[in-house]
Amino acid sequence: MNQQPSTRYEYQLGGSLPADSCLYVQRQADEQLYKALKAGEFCYVLNCRQMGKSSLRVRTMRRLQKDGLACADIDITEIGCGSVTPKQWYAGIINSLARGFGLRAEFELRTWLKKQTHLSSIQQLTEFVESVLLVQVKQNLVIFIDEIDSVLGLDFSLDDFFAWIRACYNKRVDEIEYNRLTFCLLGVATPGDLIQDKRRTPFNIGKAIELNGFRLGEAQPLVLGLKDHVAKPQEVLQQILSWTGGQPFLTQKLCRLVVGEWESPLTPLNLNKKETSVAQVVQKRIIENWETQDEPEHLKTIRDRILRNEQRAGKLLGLYQQILNQGSIVADGSEEQTELRLSGLVVKKDGCLKVSNRIYQAVFQRAWLKKAFAKLRPYSEAFTAWVDSGCSDESRLLRGEALKDAQDWARGKSLSGFDYQFLAAGQELDMREVQLALAAEKESAEILAKANETLIKAQEKAKRMRRRSLVFSSVVISLAVGISLVIPIIWGAIIAYRHYNRGLQLTDAGDYRTAIAEYNKAISIRPDLAPALTNRGYAQGKLGRHPDKYYSCAQATYVAPNFAEAWNCKGLALFDLQRYELALKDYDRAIAVSKEQGDEQESYRAWYNKGEALIKLGRYEEAIAETQKVLAIKPGYFFAWTQICSALFELQRYHDAKRNCQQSKAIKPDYWLTIKLLAEIQQKIEPKKEAQKLKKLNPN
């Protein structure tokens, strides 16, 4: 009797799994996305590549369609991201919607567009949705927009497009038909990337769907492909997940490699089947010579995403180095942390960032980091030796021209915290050595002056009688010489302050580059003019030159340690560089100096900034306490009310948060962050009411 051949289960590497694939792994995100879209919520699945977003979309569309919803998928890459014009791009969106919802038979795009030439492209899209789509399609509609990150490479801004999606959501209040329309965005981006004009309201609507790696309980379908090839498929799957961390692409790939090793008796790993292990497969087939074995590309994609932008690569590498050295760091949602997460290299878990899996940790290890840094830093050797010394060996620091060259190279780049510490430490050492040299020169001058004074006294004694007759003329000459020395000093100070005041005027006018030039002129005359150094730092910060801001403000604290604003400025520079713990120390110094100077009323900015840094560190209770000190000094400072509101929101004390935001709104009704927080608080306070409202609007 012939045996029936067993079903073969092919593990898929890349691309979308078919909707009916028996190897599809259903995760928590599947149910979350399905239920949210069915309830009419706007959703976005924004995650790193090869995490199964496309397969999730295919599966969710199939489920929604079975429930009677109309679904369409727009793949942005199909519309074009090269030389396409805005007009062509929006026409492509309309065409994709017409095709996706099956309207092509009744709808002729070219003819329709000709009738809409009086409208802008975004108005044409609105007209299509309102007069065609919502009229001809009677069911609830879900529009999936995939590969959303590809729009970031267009030659024109799509802020209007994402603002339009947000407008579709906002119209639900006044136009009931819009309650039938829902969007789901998928891609490798963050909501903050989507509307890049910071003067506009950010893209802050919708529900984020977290797409995590496979867990053992979820990944049981993968056992089907293992059981005909290995003795203990459950154990093997568990070992596979322990290496991949459940990363979908890696998990499918390792399953396929394991099956291949067990199937082929000629492979080196399979000479003795009983001794072959998943660890051996990982080592030989993935980790060793990974750059040549990485097919289809996965590890190289991660590497390239981190290193693709030289301006940011140093910062991302430094951040990853911290995680590698410490095991994890606190997740603060910063732009750099988000970028590193989108590479896939690290994952957020229990409020911390950790390396995503053992394979990544084995590939992107310290030796790889060292090589990557060496290609970036012109001062790599000195920097590495300084870090290895525990950041204490000053002989490794840069000075003079070497320091200037390194600062010129660092300008405009986003580097690691250690890089900034290294350059700042070099700057401070350089300044100390200059001061020591000046002090030595001054001491030598004083010694010479004393010697001259002794000589003059001896000469005077011998010539006293003869000099008496010349007393009057000597007095006149001395006065003339004294005046000739003092006048240039006074005049120099006047000119320095003229440049400084001009710099202040230009700063107020928003012309930061010219303002910096004026501050530089003032500082060239008076290197110890701390207000000019400080305000130059603020202007540099406005241009995004945060390392320059740090150096300028640090120099101000050095020449004027009792100038509180210089310490506050230095703290803000460290905050901009995401060195929050160090920033706290400088804010404390600013507060202490204000107290010493008897000017505690002016310390409110440092208290506020300290609260902001504490929020970034997740220390919300402390942040509230510090920010309340601002209100004790300036009760009408609406920023402080909003900051307390933000901290309370993070603590899920929504009613207390609402009261503080309302205080802020009473002072400043149009502050965008207060408005945003109040909207989010309302959603948290009244979720049941919102759900009931949606149910009435969507009875099915």
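Model, not experiment: these values are computed from the prediction.
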Tyr169 and Trp164 aromatic centres sub-6.0 Å: no
Residues at least two apart in sequence or cross-chain that pass ring-ring contact (aromatic ring centres under 6.0 Å, His included) with Trp290, listed by chain then number, are Phe364
Note: Lys684-Glu680 ion pair, threshold 4.0 Å (strictly below): no
4.5 Å side-chain heavy-atom contact, Met61 and Gln65: yes
Answer yes or no: is there a side-chain heavy-atom contact under 4.5 Å between Trp243 and Leu250? no
Pair Tyr24-Asp30, side-chain donor/acceptor within less than 3.5 Å: yes
Any donor and acceptor pair, going by atom type alone, linking the side chain of Arg180 with main-chain N or O of Val137 inside 3.5 Å? yes
Cationic N near anionic O, under 4.0 Å, Arg172 to Glu175: no
With no hydrogens and no angle check, just 3.5 Å: does a side-chain donor-acceptor pair link Tyr178 and Asn170? no
Once salt bridge (charged side-chain N to carboxylate O under 4.0 Å, His left out) is applied, what residue pairs with a partner in residues 50-62 remain, sequence neighbours excluded? Arg57-Asp73, Arg57-Asp146
Just checking, is any N or O donor in the side chain of Ser664 or Thr674 under 3.5 Å from an acceptor N or O on the other one? yes
Is Asp67 reaching over with its side chain to a backbone N or O of Leu69, donor-acceptor style, under 3.5 angstrom? no
Taking atom types as modelled, is there a side-chain donor on Glu612 or Gln643 under 3.5 Å from an acceptor on the other? no
Please check: side-chain N/O of Asn179 versus main-chain N/O of Ile176, any donor-acceptor pairing under 3.5 Å? yes
Arg27 with Glu210: basic N within carboxylate O range, under 4.0 Å: no
May I ask you to decide if Leu216's main-chain N or O and Gln220's side chain share a donor-acceptor pair within less than 3.5 Å? yes
Donor on one side chain, acceptor on other, Gln88 and Thr85, under 3.5 Å: yes
With Cys661 via disulfide bond (SG atoms under 2.5 Å apart) - residues at least two apart: Cys645
Member of Gln116, Lys115, Glu108 meeting the side-chain contact (heavy atoms from CB on, under 4.5 Å) criterion with Trp112: Gln116
Judged by modelled atom types alone, do Gln123 and Ser120 share a side-chain donor-acceptor pair under 3.5 Å? yes
